[in-house]
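Read through the structure below, which is laid out as structure tokens, and then see the notes.
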Amino acid sequence: MEQQEICRYFNEIIRNDKDVSAGVAAIRTLLEVLEHSKSETVQELRFCLQNAIDAMRSTDHPVTSIASGSELFLRFITLATLDTPSFAECKDIMLHRGKIFYKKLVAARGKVAKHAVRFISDGSKILTHSKSRVVLETMKEAAQNSKSFEVYVTNSAPDNSGEEMCQNLQKLGIPCTVIFDSAMGHIMERVDMVIVGAEGIAESGGIINKMGTYTMALCAKVANKPFYVLTESFKFSRVYPLNQADLPDEFKYTASTLKKDLKKEHPLVDYTPPHYINLLFTDLGILTPSAVSDELIKLYL
């Protein structure tokens, strides 16, 4: 597949299935590339897959989960390249492992929800930020378990994705109120906890997420409210930012924005350090931020 065709396939997945994140769409695209690749050696196949990853990273979708998910996918399937008598057999094994990896991805959101739902009790007031599919899944699970709770969600400028999150929650019968981003400090004293998703998890256990997450974490810390992060393990990334400026530009801006003067552009994500996070709910279990580095080592063994 040519880069243009790869980008078109990747964009169509995201456009046609609103429930699919950029990271999951990237894995589906890599599976398609792997299945139809005409490569004749493992080295050619790896180059072909890396070319596809570069193509997807050049689109105007969040790069964080594309980068982490694709890296883990390549690591997982290339474990099959050893001790195989022929390339054809090796490719079949890689494709089989790729499908296993994708099935785990699809199941991950439900596993996260089952871990996190126990922390939502009747009468809870929850603050969340922007739109998160895994947070929505968790709250859906809680509502199906007959738990009664109320949600506040930031409108999340500039795309106002929090409004869509609120509409989705209301369709599930969950009381929800949209607040201004600037009102998160004001509302903090009314809520019992903060629950957010993440676009990526750094080695330190800190998170990369929609701009405003760091501000919310700061407010939660001052107000002594628990700050919980819900995320799938494929978003674990081998990056270690020390501050906001240390976050790679390709994570903070879209590919088209990177071609402009970044001093005049507004970053799309920020970095929340681990000491502002109480727990991370993942498909691997409930983790403290300090446990993330150990889990990353296991994933790449």
Minimum-distance pair of heavy atoms, taken over all atoms of [X] and [Y]:
{"X": "Leu296", "Y": "Ser237", "answer": "CD1-O, 3.6 Å"}
{"X": "Val112", "Y": "Asp283", "answer": "CG2-N, 3.4 Å"}
{"X": "Ala220", "Y": "Val194", "answer": "CB-CG2, 4.0 Å"}
{"X": "Leu72", "Y": "Phe236", "answer": "CD1-O, 4.2 Å"}
{"X": "Val229", "Y": "Ala198", "answer": "CG1-CB, 4.0 Å"}

Taking atom CG of Asn145 as the centre, report whether more than 12 heavy atoms of other residues, nucleotides or ligands fall under 6.0 Å from it.
yes

Taking atom NZ of Lys147 as the centre, report whether more than 12 heavy atoms of other residues, nucleotides or ligands fall under 6.0 Å from it.
yes

In residues 55-63, what donor-acceptor pairs under 3.5 Å come from side-chain atoms, sequence neighbours left out?
{"residue": "Arg57", "atom": "NH2", "partner": "Glu250", "partner atom": "OE1", "Å": "3.0"}
{"residue": "Arg57", "atom": "NH2", "partner": "Glu250", "partner atom": "OE2", "Å": "2.4"}
{"residue": "Ser58", "atom": "OG", "partner": "Ala55", "partner atom": "O", "Å": "2.5"}
{"residue": "Thr59", "atom": "OG1", "partner": "Met56", "partner atom": "O", "Å": "2.6"}
{"residue": "Asp60", "atom": "OD1", "partner": "Ala255", "partner atom": "N", "Å": "3.2"}
{"residue": "Asp60", "atom": "OD1", "partner": "Ser256", "partner atom": "N", "Å": "3.0"}
{"residue": "Asp60", "atom": "OD1", "partner": "Ser256", "partner atom": "OG", "Å": "3.2"}
{"residue": "Asp60", "atom": "OD2", "partner": "Ser256", "partner atom": "OG", "Å": "2.7"}
{"residue": "His61", "atom": "NE2", "partner": "Asn11", "partner atom": "OD1", "Å": "2.9"}

Look only at the side chain of [X] and the backbone of [Y], and say whether a donor-acceptor pair between them is shorter than 3.5 Å.
{"X": "Asp181", "Y": "Thr154", "value": "no"}
{"X": "Lys91", "Y": "Ser37", "value": "yes"}
{"X": "Thr282", "Y": "Leu284", "value": "yes"}
{"X": "His36", "Y": "Glu32", "value": "yes"}
{"X": "Asn160", "Y": "Glu163", "value": "no"}
{"X": "Asn243", "Y": "Ala245", "value": "yes"}
{"X": "Ser68", "Y": "Phe234", "value": "yes"}
{"X": "Lys235", "Y": "Gly69", "value": "no"}
{"X": "Glu44", "Y": "Glu40", "value": "yes"}
{"X": "Ser124", "Y": "Ile120", "value": "no"}

Is the closest basic N to carboxylate O distance between [X] and [Y] below 4.0 Å?
{"X": "Lys131", "Y": "Glu164", "value": "yes"}
{"X": "Arg109", "Y": "Asp19", "value": "yes"}
{"X": "Glu5", "Y": "Arg8", "value": "no"}

Using 0.5 Å steps for rounding, measure from the [atom1] atom of [X] to the [atom2] atom of [Y].
{"X": "Ile14", "Y": "Arg28", "atom1": "CD1", "atom2": "CZ", "answer": "10.0 Å"}
{"X": "Leu258", "Y": "Tyr253", "atom1": "CG", "atom2": "OH", "answer": "8.5 Å"}
{"X": "Glu189", "Y": "Cys219", "atom1": "CD", "atom2": "SG", "answer": "11.5 Å"}
{"X": "Asn155", "Y": "Ser130", "atom1": "CG", "atom2": "OG", "answer": "9.5 Å"}
{"X": "Arg190", "Y": "Lys225", "atom1": "CZ", "atom2": "NZ", "answer": "11.0 Å"}

Return a table of donor-acceptor pairs under 3.5 angstrom between the side chains of residues 201-218 and protein atoms on other chains or two or more places apart.
{"residue": "Ser204", "atom": "OG", "partner": "Gly206", "partner atom": "N", "Å": "3.2"}
{"residue": "Ser204", "atom": "OG", "partner": "Tyr271", "partner atom": "OH", "Å": "2.9"}
{"residue": "Asn209", "atom": "OD1", "partner": "Glu199", "partner atom": "N", "Å": "3.4"}
{"residue": "Asn209", "atom": "ND2", "partner": "Gly197", "partner atom": "O", "Å": "3.3"}
{"residue": "Asn209", "atom": "ND2", "partner": "Thr213", "partner atom": "OG1", "Å": "3.0"}
{"residue": "Lys210", "atom": "NZ", "partner": "Ser156", "partner atom": "O", "Å": "3.4"}
{"residue": "Lys210", "atom": "NZ", "partner": "Ser156", "partner atom": "OG", "Å": "2.6"}
{"residue": "Lys210", "atom": "NZ", "partner": "Asp159", "partner atom": "OD1", "Å": "2.8"}
{"residue": "Lys210", "atom": "NZ", "partner": "Ser161", "partner atom": "OG", "Å": "3.3"}
{"residue": "Thr213", "atom": "OG1", "partner": "Lys210", "partner atom": "O", "Å": "2.7"}

Between Asp270 and Gln244, a side-chain donor and acceptor under 3.5 Å
no

Suppose the criterion is ring pair (Phe, Tyr, Trp, His ring centres under 6.0 Å): which pairs have a residue in residues 104-144, not counting sequence neighbours?
Phe119-Tyr228, Phe119-Phe281

Using the rule side chain to side chain contact (heavy atoms under 4.5 Å, CB included), only one of Ile6, Leu30, Val33 pairs with Ile53; which is it?
Leu30

Spell out, yes or no, whether [X] and [Y] are grouped together once hydrophobic residues are joined by side-chain heavy atoms under 4.5 Å, including indirect joins.
{"X": "Leu136", "Y": "Val134", "result": "yes"}
{"X": "Tyr240", "Y": "Leu287", "result": "no"}
{"X": "Leu105", "Y": "Leu95", "result": "yes"}
{"X": "Leu74", "Y": "Ile100", "result": "yes"}
{"X": "Val153", "Y": "Phe180", "result": "no"}

Is the gap between the ring centers of Phe76 and Phe101 under 6.0 Å?
yes

